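Quantities reported herein were computed from a predicted structural model and do not represent experimental measurements.
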Amino acid sequence: MTEDVVERLRAAGCVFAEDEAELLVQAVKDEVEPSARLAALVARRCAGEPLEHVVGWAEFCGRRIAVGPGVFVPRRRSEFLVELALDLGREARAIVDLCCGSAPFATVLATRLPRAEVHAADIDAGQLEYARRNLGPFAGRSRVHEGDLFQALPERLRGSVDLLVVNAPYVPTGAIATLPAEARAFEPLESLDGGADGLAVHRRVVAEAPAWLAPRGHLLIETSEAQAEPMLDAFGEAGLKAWIAQDQELEATVVIGRQPESGS
């Protein structure tokens, strides 16, 4: 059965056909009618749907993050931001994941920082259903909020956020057409399109962040290498001490800002 799946995936252009076939077979092993279910999953993958949507999860920082149709798939490069956040936020008591999607950042941070209260927010109700599922094991100290950026957050968090992590859309509108077909066709445009220069949402976040950060709290935003310097300027204008961190292997760039001791 696996060999047939491999051949079908290869014919559809899947580069890692053997690995994908194994995951698809594992996904149906407990089904009453595994062959029929497998055929349906293979057909979806051959039609170009992301493998993560098909099997229902994405691996991120060693965890399985639940995802599905219409959900942004967390990228491996974003693990760099999470590792930076874990280092900076060891003593964090209040963490916010803005533009959270399925909340991979919030889920890993809740796992690794057990003393923290974790909040995840997004404007997309469909993706927040997956965020609630992923944060379910941490229900006692996590909350999921629906709304536009900081408007979604409870007022009590103002001035008390120790760690603010953001993976807002940062692809310039004109570059959307250059993205892989499975991203363009199956992921929400709102999770990809960052406006004319890709920084429209980033600028909004940075401008409002100081009012929500605790003294010495940190803001971390994933961006591209080319966008890092403009973002560094925006952080400075907002009154945050900022620097750029990069991981060449992951091709990841993160701009980090620290709130002054006195707060905003």
> Shared ILVMFWY cluster between Val254 and Val205, side chains joined below 4.5 angstrom?
Replying inline: no
> With distance as the sole test, does Glu79 use its side chain to make a donor-acceptor pair with the main-chain N or O of Cys61 at under 3.5 Å?
Replying inline: yes
> Is it true that Leu81 and Leu164 fall in one hydrophobic cluster, defined by side-chain heavy atoms closer than 4.5 Å?
Replying inline: no
> Hey, mind stepping through Glu91 and Arg115 against salt bridge (charged side-chain N to carboxylate O under 4.0 Å, His left out) and telling me if it holds?
Replying inline: CA-CA 8 Å; Glu91 305 301 321; Arg115 294 186 296 175; 2.8 Å; yes
>> Consider salt bridge (charged side-chain N to carboxylate O under 4.0 Å, His left out). Of Glu225, Glu249, Glu222, which one does Arg77 pass it with?
In response: Glu222
>> Going by salt bridge (Lys or Arg N to Asp or Glu O under 4.0 Å), name the residues that satisfy it together with Arg204, two or more places apart in sequence or in a different chain.
In response: Asp148
> For Pro154 and His145, which heavy atoms make the closest approach, and how far apart are they?
Replying inline: CD-CE1, 3.6 Å
>> To the nearest 0.5 Å, what is the distance between CH2 on Trp57 and CG on Asn134?
In response: 12.5 Å
>> For a side-chain contact (heavy atoms from CB on, under 4.5 Å) check, start with the C-alpha distance between Phe60 and Val108, then their side-chain angles and the critical distance, and finish with the verdict.
In response: CA-CA 8 Å; Phe60 186 76; Val108 175; 3.9 Å; yes
> To the nearest 0.5 Å, how far apart are CD1 in Ile95 and NE2 in His218?
Replying inline: 13.0 Å
> In terms of hydrophobic clustering (I, L, V, M, F, W, Y; side-chain heavy atoms under 4.5 Å; direct or indirect links), are Met231 and Phe150 co-clustered?
Replying inline: yes
> What's the shortest heavy-atom distance between Gln127 and Ser191, and which atoms?
Replying inline: NE2-OG, 3.1 Å
>> Would Asp197 and Arg203 count as a salt bridge (charged side-chain N to carboxylate O under 4.0 Å, His left out) here? Give the steps.
In response: CA-CA 11 Å; Asp197 65 353; Arg203 291 192 183 93; 2.5 Å; yes
>> A quick test of your reading: do over 12 heavy atoms of other residues, nucleotides or ligands sit less than 6.0 Å from CD of Glu251?
In response: no
> Measuring from Leu51:CG to Arg44:CZ, what's the distance to the nearest 0.5 Å?
Replying inline: 10.0 Å
>> Can a donor-acceptor pair be found, under 3.5 Å and without considering hydrogens, that links the side chain of Asp162 to the backbone of Gly217?
In response: no
>> For the CG atom of Leu213 and the CG atom of Leu157, what is their distance to the nearest 0.5 Å?
In response: 11.5 Å
> Where do Gly195 and Ala200 come nearest, in terms of heavy atoms and distance?
Replying inline: CA-CB, 4.4 Å
> Got a sec: does the CZ of Arg76 have more than 12 other heavy atoms crowding it under 6.0 Å?
Replying inline: no
>> Testing the basics here: between Cys100 and Leu128, what is the closest heavy-atom pair and its distance to 0.1 Å?
In response: SG-CD2, 3.6 Å
> Any sub-3.5 Å donor-acceptor pair from Glu187's side-chain atoms to Gly70's backbone N or O?
Replying inline: no
> Considering all heavy atoms of both residues, which atom of Ala131 and which atom of Ala103 are nearest to each other, and what is their separation?
Replying inline: CB-CB, 3.6 Å
> Out of curiosity, Leu84 CG to Asp247 CG, how far, rounded to the nearest 0.5 Å?
Replying inline: 8.5 Å
> So, for Leu240 and Gly257, which heavy atoms are closest and what is the spacing to 0.1 Å?
Replying inline: CB-CA, 4.3 Å
> Given Glu49 and His53, is the side-chain contact (heavy atoms from CB on, under 4.5 Å) satisfied, shown in steps?
Replying inline: CA-CA 7 Å; Glu49 190 170 348; His53 287 179; 3.5 Å; yes
> Do Arg64 and Glu59 pass the salt bridge (charged side-chain N to carboxylate O under 4.0 Å, His left out) test, and can you show the C-alpha distance, the side-chain angles, and the key distance before you say yes or no?
Replying inline: CA-CA 5 Å; Arg64 286 191 175 188; Glu59 184 174 347; over 6 Å; no
> So which of Arg93, Arg141, Arg156 actually passes salt bridge (charged side-chain N to carboxylate O under 4.0 Å, His left out) with Glu117?
Replying inline: Arg156
>> Do Pro210 and Gln259 have side chains that approach each other closer than 4.5 Å (heavy atoms only, starting at C-beta)?
In response: yes
>> I'd like to know if the side chain of Arg216 reaches the main chain of Glu261, judged simply by a donor and an acceptor atom lying under 3.5 Å from each other, with no hydrogens or angles considered.
In response: no
>> For the CG atom of Leu98 and the CG atom of Asn167, what is their distance to the nearest 0.5 Å?
In response: 11.0 Å
>> For Arg45 and Glu182: C-alpha separation, side-chain torsions, deciding distance, then whether salt bridge (charged side-chain N to carboxylate O under 4.0 Å, His left out) applies.
In response: CA-CA 10 Å; Arg45 180 58 181 144; Glu182 63 183 42; 3.1 Å; yes
>> Is there a side-chain contact between Asp193 and Val171 in this structure, where contact means two heavy atoms from C-beta onward sitting under 4.5 Å apart?
In response: no
> With the 4.5 Å side-chain cut-off for hydrophobic clustering, are Tyr130 and Leu189 part of the same group?
Replying inline: no
> When hydrophobic residues are tied together by side-chain contacts of less than 4.5 Å, even through go-betweens, does Ile65 share a cluster with Leu250?
Replying inline: yes
> Under the ring-ring contact (aromatic ring centres under 6.0 Å, His included) test, which residues partner Tyr170, sequence neighbours left out?
Replying inline: His202
> With a cut-off of 6.0 Å (strictly less than), are more than 12 heavy atoms of other residues, nucleotides or ligands near CZ of Arg10?
Replying inline: yes
>> Any side-chain to backbone donor/acceptor pair from Asp97 onto Ala106? Under 3.5 Å, distance only.
In response: yes
